[in-house]
Amino acid sequence: MAKQNITPRAEDYAQWYIDVVLQSKLADYAPVKGCMVIRPNGYGLWENIQKTLDEMFKETGHENAYFPLLIPESFLKKEAEHVEGFAPELAVMTHAGGKKLEEPYVLRPTSETIIWSTYKKWIQSYRDLPILINQWANVFRWEMRTRLFLRTTEFLWQEGHTAHATFEEAEEETLKMLGVYRNFAENFMAMPVYVGKKTNKEKFAGAVTTYCIEPMMQDKKALQAGTSHNLGQNFAKAFDVTFQTKEGKLEHVFATSWGVSTRLIGGIVMAHSDDNGLVIPPKLSVIQAVWIPIFNKDNQEKITGKVKELTQTWKNEGIKFKIDDRDNYKPGWKFNEWELQGVPLRIELGPKDLEQNQVVIARRDTNEKVAVSFENVTQTVKNLLVTIQNDLFTKALNFRNDNTFVTDDYKFMLKKSDEDNGFYKIHWCGNRACEDNLQEMGKITIRCIPLNNEQENGKCIVCGEASKERVIAAKSY
RNA sequence: CGGGACAUAGCGCAGUUCGGUUAGCGCGCCUGCCUUGGGAGCAGGAGGCCGCAGGUUCAAAUCCUGCUGUCCCGACCA
């Protein structure tokens with residue numbers, strides 16, 4: 001066989017993505033439309049994502065709980081905007097136990113309604129607040145068009161649901177979790193993100209304010225990678241959740257919700273990978289370094305023995321590694337296989353190296369190879385893992401900056417966006433009509449209004465009305 | 001949900017136009033030998049309800065109808 005048969009990015013980006021996901025064994029298609037099997041490679045990544053985020057949630061005072069998958073249909077209908085937003089994508093259970101159900105159950109598209117119906121029972125006084133709960137769960141959204149990890153009918157996520165005594169406290173929580181997401185995206189996924197507020201058109205159905213993180217993928221489109229909502233009193237009012245204040249007054253509770261999903265895995269693929277397959281940031285990689293001993297029958301024992309000796313301390317050092325000593329595959333085959341699966345470092349040890357007391361270390365992200373003496377292997381590997389993590393971020397940041405354009409010329413933007421994707425920093429008057437026009441004319445949406453945005457007087461790129469700041473606009477997933 | 005393409009061995013494909021022995025090829029897989037520093041070589045072998053369900057016919061991978069799934073393009077969304 002030639003090399004792997006991954007469609008090059010330049011030729012067909014969408015097909016490249018599918019090829020990488022399937023061939024690197026992240027996922028496989030399932031028998032049901034829009035569903036996928038998350039394979040060990042993909043699930044291992046998800047477990048690392050979960051583990052890291054879960055610690056961050058705990059550190060910020062949250063606890064995990066679990067609410068049921070099935071939600072009475074009537075619950076969804078209690079919050080008008082909410083039901084309107086989700087109605088088209090609901091999967092509904094109508095029969096059970098061989099009978100038609102009195103009231104259909106909805107497979108949760110998100111859990112605000114069932115959680116707030118429960119919080120009603122738990123909250124009486126300001127002393128019961130705040131409630132800071134997260135749940136790891138699956139959700140169902142019947143999407144018209146699905147894509148592995150990016151949009152599937154069933155997906156895994158976490159959803160935080162908190163209850164507070166004041167709007168300010170809810171807002172603080174919303175922004176705090178947005179910060180957690182930003183930290184995770186940038187420092188673990190090595191994916192620079194714009195952090196900002198959604199427009200009314202783009203916000204969550206039922207939220208007062210939606211905040212988000214938006215990274216750029218390698219095709220220069222935006223991916224909504226995480227959202228954090230200040231729900232105000234909308235759900236508390238819909239479910240009549242009130243509490244008694246210190247002063248004895250009855251008030252509706254303030255809510256937030258925030259989530260990231262297995263879509264992040266699609267983000268990792270699209271942010272860093274190349275035509276040879278996956279590239280995974282070291283901090284999230286299930287295997288950080290793979291050893292490929294190069295041997296024949298005569299020296300096999302000697303060489304694998306040396307590898308074991310050199311890695312004796314690695315478990316304690318916290319380096320996640322694997323020794324690929326299969327004798328039914330040749331080294332060259334293994335090189336390609338592990339590259340395809342995105343392992344950050346490959347370490348070769350063959351007879352020639354043994355003679356010279358060295359190993360050869362190859363970086364997945366740059367393909368660079370260096371010879372390193374036995375005594376320096378451990379430290380070099382540790383350093384390289386840090387370097388790769390940083391380099392991936394820098395590379396992605398430079399890529400985003402190179403493809404972000406500040407413009408006041410609508411025609412230029414539409415023309416440019418027609419030829420190639422990119423982020424545009426544009427003035428916008430704040431009106432829905434102009435936002436709709438962007439979408440109609442260029443399939444461009446306003447991804448966010450950046451937080452701590454530089455204030456600058458300008459004119460809306462569509463209508464020319466006054467604007468005080470620039471927003472991020474782009475085509476998106 | 002509209003438009004288009006596709007579905008034959010684990011993967012990639014040929015065969016379908018114009019129905020006709022036992023459905024092929026490459027890679028992979030199994031056995032053995034030989035090999036091992038960028039997807040080695042030779043020999044032998046296993047593997048198929050031709051996506052599913054109906055129909056037409058003496059005869060269907062091939063023709064007809066329905067369904068399901070995947071991909072692409074649109075409208076909708078994390």
Side-chain angles (χ1 to χ4, degrees), chain A residues 1-5 7 12-19 22-23 25 28-36 84-90 109-110 138-159 181 198 201-205 210 212-214 222-229 257-267 276-277 292-300 303 324-340 346-356 358-360 362 367 369 371 439-440 443 445 476-477:
Chain A
M1 218 167 108
K3 279 203 92 181
Q4 56 272 97
N5 34 3
T7 307
D12 184 343
Y13 189 84
Q15 190 59 48
W16 164 82
Y17 173 79
I18 293 159
D19 288 348
L22 293 177
Q23 290 180 39
K25 300 187 177 125
D28 204 348
Y29 290 109
V32 177
K33 182 180 167 66
C35 291
M36 66 172 174
E84 198 187 318
F86 280 106
E89 50 192 78
L90 291 181
T110 178
N138 58 338
V139 286
F140 283 81
R141 295 183 189 178
W142 218 259
E143 299 290 351
M144 289 307 159
R145 189 168 160 192
T146 56
R147 282 149 88 56
L148 293 165
F149 288 113
L150 300 175
R151 179 168 300 105
T152 46
T153 298
E154 179 188 13
F155 57 93
L156 306 182
W157 77 347
Q158 61 63 218
E159 45 180 329
Y181 289 155
K198 283 289 184 193
K201 177 183 163 86
E202 299 285 331
K203 78 175 168 70
F204 175 71
T210 291
C212 63
I213 54 171
E214 298 270 340
L223 179 77
Q224 182 168 304
T227 47
S228 185
H229 316 287
S257 71
W258 27 274
V260 298
S261 72
T262 36
R263 172 180 260 197
L264 291 181
I265 294 172
N276 290 325
I292 306 206
I294 293 151
F295 51 70
N296 55 41
K297 273 199 192 95
D298 299 330
N299 59 21
Q300 175 166 8
I303 286 174
D324 186 355
D325 57 1
R326 291 175 293 180
D327 60 5
N328 54 334
Y329 291 107
K330 296 187 62 165
W333 191 92
K334 294 180 186 174
F335 294 173
N336 284 290
E337 178 76 358
W338 291 112
E339 272 169 21
L340 177 59
R346 176 182 77 240
I347 310 169
E348 306 166 22
L349 174 56
K352 285 182 237 164
D353 300 312
L354 197 58
E355 264 174 41
Q356 296 173 58
Q358 63 166 36
V359 300
V360 173
N367 253 328
K369 281 192 187 190
Q439 189 163 15
E440 234 169 85
K443 304 188 191 342
T445 51
S476 74
Y477 278 92

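All values derive from a computational prediction rather than experimental measurement. Proteins come first, then strands; the chains are lettered A, B, ... in the order of their sequence lines, and each starts at number 1.
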Do any side-chain nitrogens or oxygens of A:Tyr329 fall under 4.0 Å of OP1 or OP2 in B:G28? no

Given atom CG of A:Asp19 and atom C1' of B:U70, what is their separation to the nearest angstrom? 13 Å

Considering Watson-Crick and G-U wobble pairs with both distances under 3.5 Å, what does B:A61 pair with? none

Under 4.0 Å between any heavy atoms, over every strand shown, what does A:Thr210 touch: base, sugar-phosphate, or nothing? Just pick one. nothing

Write down the distance separating the C1' atoms in B:U17 and B:G3, rounded off to the nearest Å. 25 Å

Within the structure, does a side-chain N or O atom of A:Lys330 lie under 4.0 Å from either OP1 or OP2 of B:G37? yes

Should the heavy atoms of other residues, nucleotides or ligands under 6.0 Å from CD of A:Gln439 be counted, would the total exceed 12? yes

In the strands shown, is B:A7 matched to any nucleotide by a Watson-Crick or G-U wobble pair with both distances under 3.5 Å, and which? B:U68

Rounded distance [0.5 Å steps], CD1 in A:Ile347 versus CD1 in A:Ile292: 10.0 Å

What is the nucleic acid contact for A:Val360, judged by heavy atoms within less than 4.0 Å: base, sugar-phosphate only, or nothing? base

Counting any heavy atom closer than 4.0 Å, what does A:Thr227 reach on the DNA or RNA strands: base, sugar-phosphate only, or nothing? nothing

To the nearest Å, how far apart are A:Met144 CE and B:G74 P? 17 Å

Quick one: A:Leu340 CG to B:G39 C1', roughly how many Å, whole number? 11 Å

Is there a donor-acceptor contact under 3.5 Å from the side chain of A:Asn336 to the main chain of A:Trp333? no

Separation between the C1' atoms of B:C25 and B:C77, rounded to whole Å: 44 Å

Hits for salt bridge (Lys or Arg N to Asp or Glu O under 4.0 Å) against A:Lys201, two or more places apart or cross-chain, chain-then-number order -> A:Asp436

How close or far is atom P of B:C77 from atom CG of A:Leu150, stated in whole angstroms? 17 Å

Atom pair distance, as rounded to whole Å: CH2 in A:Trp338 and C1' in B:G37: 19 Å

Return the 5'-most residue of the pair A:Pro331, A:Lys33 with respect to RNA chain B, ranking by each residue's nearest nucleotide. A:Pro331

Quick one: does A:Tyr17's side chain have a donor or acceptor within less than 3.5 Å of a partner on A:Leu148's backbone? yes

By the Watson-Crick or G-U definition, both distances under 3.5 Å, B:G74 is matched with B:C1

Rounded interatomic separation in angstrom, taking CG from A:Asp28 and P from B:G69: 16 Å

I'd like the C1' distance from B:G51 over to B:A5, given in whole Å. 16 Å

Can you tell me if A:Gln158 uses its side chain to pair, donor with acceptor, with the backbone of A:Val260 under 3.5 Å? yes

Starting at CZ of A:Phe295 and ending at P of B:U36, how long is that distance when rounded to a whole Å? 12 Å

Base, sugar-phosphate, or nothing for A:Phe86, non-hydrogen atoms under 4.0 angstrom? nothing

Distance between the C1' atoms of B:C63 and B:A46, in whole angstroms? 34 Å

Taking the minimum atom-to-atom distance to the side chain of A:Glu339, which one of B:G39, B:G38, B:C76 wins? B:G38

Please state the C1' separation for the pair B:G41 and B:U36 - nearest whole angstrom. 12 Å

Hey, which of these two, A:Gly34 or A:Pro88, hits RNA chain B nearer its 5' end, going by closest nucleotide? A:Gly34

Mind checking A:Gln224 for me? I need base, sugar-phosphate or nothing, with any heavy atom below 4.0 Å counting as a touch. sugar-phosphate

B:G69 and B:U8, which share atom name C1', separated by this distance in whole Å: 16 Å

Against the side chain of A:Glu143, the closest entry in B:C76, B:G37, B:G38 is B:C76

Answer yes or no: are there more than 12 heavy-atom neighbours, outside A:Trp142 itself, under 6.0 Å from its atom CH2? no

What residues form a side-chain hydrogen bond (donor to acceptor under 3.5 Å, both in side chains) with A:Glu154, not counting sequence neighbours? A:Asn138

Let me know the distance between OH of A:Tyr477 and P of B:G74, rounded to the nearest Å. 12 Å

Any side-chain to backbone donor/acceptor pair from A:Arg141 onto A:Pro109? Under 3.5 Å, distance only. yes

With 3.5 Å as the limit, what N/O pairs link the protein to nucleotides 71-73 of chain B?
{"unit_1": "B:C71", "atom_1": "OP1", "unit_2": "A:Tyr29", "atom_2": "OH", "d": "2.8"}
{"unit_1": "B:C72", "atom_1": "OP1", "unit_2": "A:Arg147", "atom_2": "NH1", "d": "3.1"}
{"unit_1": "B:C73", "atom_1": "OP2", "unit_2": "A:Arg145", "atom_2": "NH2", "d": "2.3"}

Integer angstrom distance from the P of B:U68 to that of B:C11: 23 Å

Take atom C1' in B:A23 and the same atom in B:A9, then report the distance between them in whole Å. 11 Å

